[in-house]
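Note sheet for the following structure.
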Amino acid sequence: MLEVRDLSKSFGALAVTQRVSLRVAPGERRVLLGPNGAGKTTLFNLLVGELAPDSGLILVDGRDVTALSVDARARLGLARSYQKNNLFAGLTVHENLALSAACAQGKATALLADSHRDRGVVATVEEVAERVGLSELLDASVDTIPYGARRRLEVGLALASKPRILLMDEPTSGIGPGGINAFHAFLHGLPAELTILIVEHDMDLAFGIADRVTVLNHGEVVFDGPPQEARDSALIREIYLGSWGAEGGGHA
Amino acid sequence: MFHQTPLKTGAVLLLATAAVVYAFTTGFFGLELLTEVAILAIVAIALDLVAGYGGMVSLCHGALYGVGAYAFASATVLLGWGGGAGMAMAVAGGGAFAWLIGAVSARTHGIFFIMATLAFGQMAYAYFFDSPLFGGSDGMPGIARLDLSGAGLDLNDSRGYALFCTVLALLAYALAATLLRSGFGRTLVGIRANEPRMRALGLPVWRHKAAAFGTSGALAGLAGALAAQHTMYVSPGLLHWTVSGELLIMVILGGLGTLVGAVLGAGVLVFVKHEVARFTDHWHMVVGLVLIATVLSGGRGIFGQIEFLWGRRGARRPEPAATEGSPDHA
């Protein structure tokens with residue numbers, strides 16, 4: 001479904017991604033772990049095309065997409081949510097979701113029909129709003145809704161494009177324990193065939209949802225395997241959990 | 001997002017009625033002013049479409065307007081085509097030139113976009129200024145107006161022409177409003193709000209921006225054809241960047257991103273210019289002071305301010321419920 005081969009990226013002397021290889025199966029829930037500065041967000045930027053790699057390949061369904069633009073990759077069904085909310089400011093929740101849904105449903109360039117009242121678009125908007133718990137806030141401006149709601153809309157925007165591969169960058173950051181439980185339920189409600197990559201800091205959540213875990217450190221894949229193995233790995237405890245402790249070294 | 005609100009519809013109907021009443025009560029001079037307002041309103045609508053709704057602030061709309069005027073003049077005077085074909089030529093010429101500018105400039109933003117449009121506009125100005133084929137700095141005289149005598153309309157009569165231009169301005173408004181409430185317009189507003197996210201959602205953004213700019217240029221070209229027929233003469237001055245600057249002043253004065261404001265701004269500027277000029281040569285100072293007052297009082301412009309106050313009136317009752325969210329979030 002999604003495959004990465006020997007992907008490398010450096011900013012000057014700083015190697016942020018080093019010979020990363022990944023293979024994510026259709027419908028798989030993959031969690032990316034790693035301390036701050038391990039290159040998780042950079043990897044997402046490379047996957048969706050917001051950054052160009054120095055070397056390596058990115059394949060979607062076996063097709064090389066490394067040279068494709070951001071929008072062309074999105075049209076292949078690759079969608080992402082951002083670590084820092086990246087919404088359409090000044091517009092309502094409905095308008096935000098409709099922009100995404102209309103784009104995916106080919107209504108974004110209709111010259112006469114109002115895409116935001118299109119039946120298919122509205123159905124998607126309502127469905128996604130229900131999933132991310134924003135049904136009550138559809139007519140509210142994104143500038144006035146609470147932070148947690150904006151965080152859910154961030155994921156909703158990606159979801160409304162009906163992707164086949166969904167990349168979520170720390171979707172639960174800053175939303176508190178209640179929000180994390182709700183996110184857990186949300187994830188389990190997603191279609192089984194949807195392939196999901198999540199950058200996550202919350203270890204319990206990560207181990208609870210992951211089919212497989214990939215751990216990055218200093219831009220390198222240092223572990224790739226089932227969550228149970230990750231939990232028991234001394235190496236991970238050292239580089240990942242260790243960096244949380246007071247004695248931890250390699251944080252950026 | 002654009003909504004053709006009852007307030008907007010009311011304002012358009014009021015302006016249209018005022019124009020028609022004025023046309024039948026004023027003399028030759030007033031009709032000339034009305035014609036000028038109607039023509040400039042079309043370019044201002046075109047400019048608001050891209051600047052107010054697409055976030056593409058342009059300093060080349062004067063040039064697009066001028067290209068339309070020259071296209072009409074060339075088609076009718078040099079090629080001997082009819083007025084209808086000349087108008088089509090103006091629309092196509094303005095549209096094609098604007099699409100090209102949009103396609104090249106779409107990847108730039110903010111001040112760089114403004115500079116790119118300025119450069120394109122001044123290139124066109126310099127071309128017509130130096131081109132012997134189009135009369136160089138002297139321009140082209142001897143342009144005839146469209147012949148609609150078959151329909152019982154005499155466009156050589158200043159009242160007939162003023163009303164003709166008013167009708168076309170109304171049609172331009174309707175076209176822009178239709179486009180803005182369509183999927184195309186919604187997406188354009190999405191690009192203004194967050195262009196990188198729109199791209200991440202799969203939209204080929206530059207193509208959309210170029211198409212919007214091209215459409216705007218086609219409208220500006222139409223206005224240019226009307227201006228050429230109004231004065232029956234075209235000169236390179238039409239393309240000069242100061243014309244683009246004045247168009248921006250109209251749109252900002254009337255209310256950027258309100259569409260009705262573009263029409264209102266054109267009317268206010270033309271009438272202020274002529275009324276104040278009767279008393280003092282320093283009418284630019286008056287316009288400047290009005291503009292400064294507009295910008296300092298929230299930057300909404302005349303119609304933007306009206307919509308703001310109207311919206312506050314309507315929102316007064318449910319306001320306590322709306323504030324329970326988190327007003328502190330930036």
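Values in this document were obtained by computation on a predicted structure and should not be read as measured data. Residue numbers start from 1 in every chain, and the chains themselves are labelled A, B, ... in the order their sequence lines are given, proteins ahead of strands.
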Q.
Checking an interface table here. Which of residues 77-101 of chain A come within a heavy-atom distance under 4.5 Å of chain B?
A. A:R80, A:S81, A:Y82, A:N86, A:L87, A:F88, A:A89, A:L91, A:E95, A:L99, A:S100
Q) Who wins among A:A110, A:A158, A:A149 for the most heavy-atom pairs under 4.5 Å with chain B? A) A:A110
**Q.** Best-contacting candidate, A:S115, A:A104, A:S161, A:S141, against chain B by heavy atom pairs under 4.5 angstrom
**A.**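 Looking at each of A:S115, A:A104, A:S161, A:S141 in turn, A:S115 comes out on top.
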Shortest non-hydrogen contact from [X] toward [Y]:
X      : Y      : result
B:L201 : A:L157 : CD2-O, 3.7 Å
B:G202 : A:R75  : O-NH1, 2.8 Å
A:A108 : B:H208 : O-CE1, 3.4 Å
A:E50  : B:A200 : OE2-CB, 4.2 Å

Q.
Please classify the contact between A:E154 and chain B as side chain, backbone, both or neither, with a heavy-atom cut-off of under 4.5 Å.
A. both
Q) Which atoms of A:V70 come close to chain B, meaning under 4.5 Å heavy atom to heavy atom: side chain ones, backbone ones, both, or neither? A)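 For A:V70, backbone and side chain are both near chain B.
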Q.
If you count heavy-atom pairs within less than 4.5 Å of chain A, which of B:R181, B:M198, B:R186 leads?
A. B:R186
Q: Sort by residue number and list every member of residues 168-177 of chain B having a non-hydrogen atom under 4.5 Å from chain A.
A: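 Expected list: none.
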Q: May I ask you to check whether over 12 heavy atoms, not counting those of B:L296, lie within 6.0 Å of atom CG?
A: yes
Q: Report, as yes or no, whether the 6.0 Å neighbourhood of atom CZ on A:F11 holds more than 12 heavy atoms from other residues, nucleotides or ligands.
A: yes
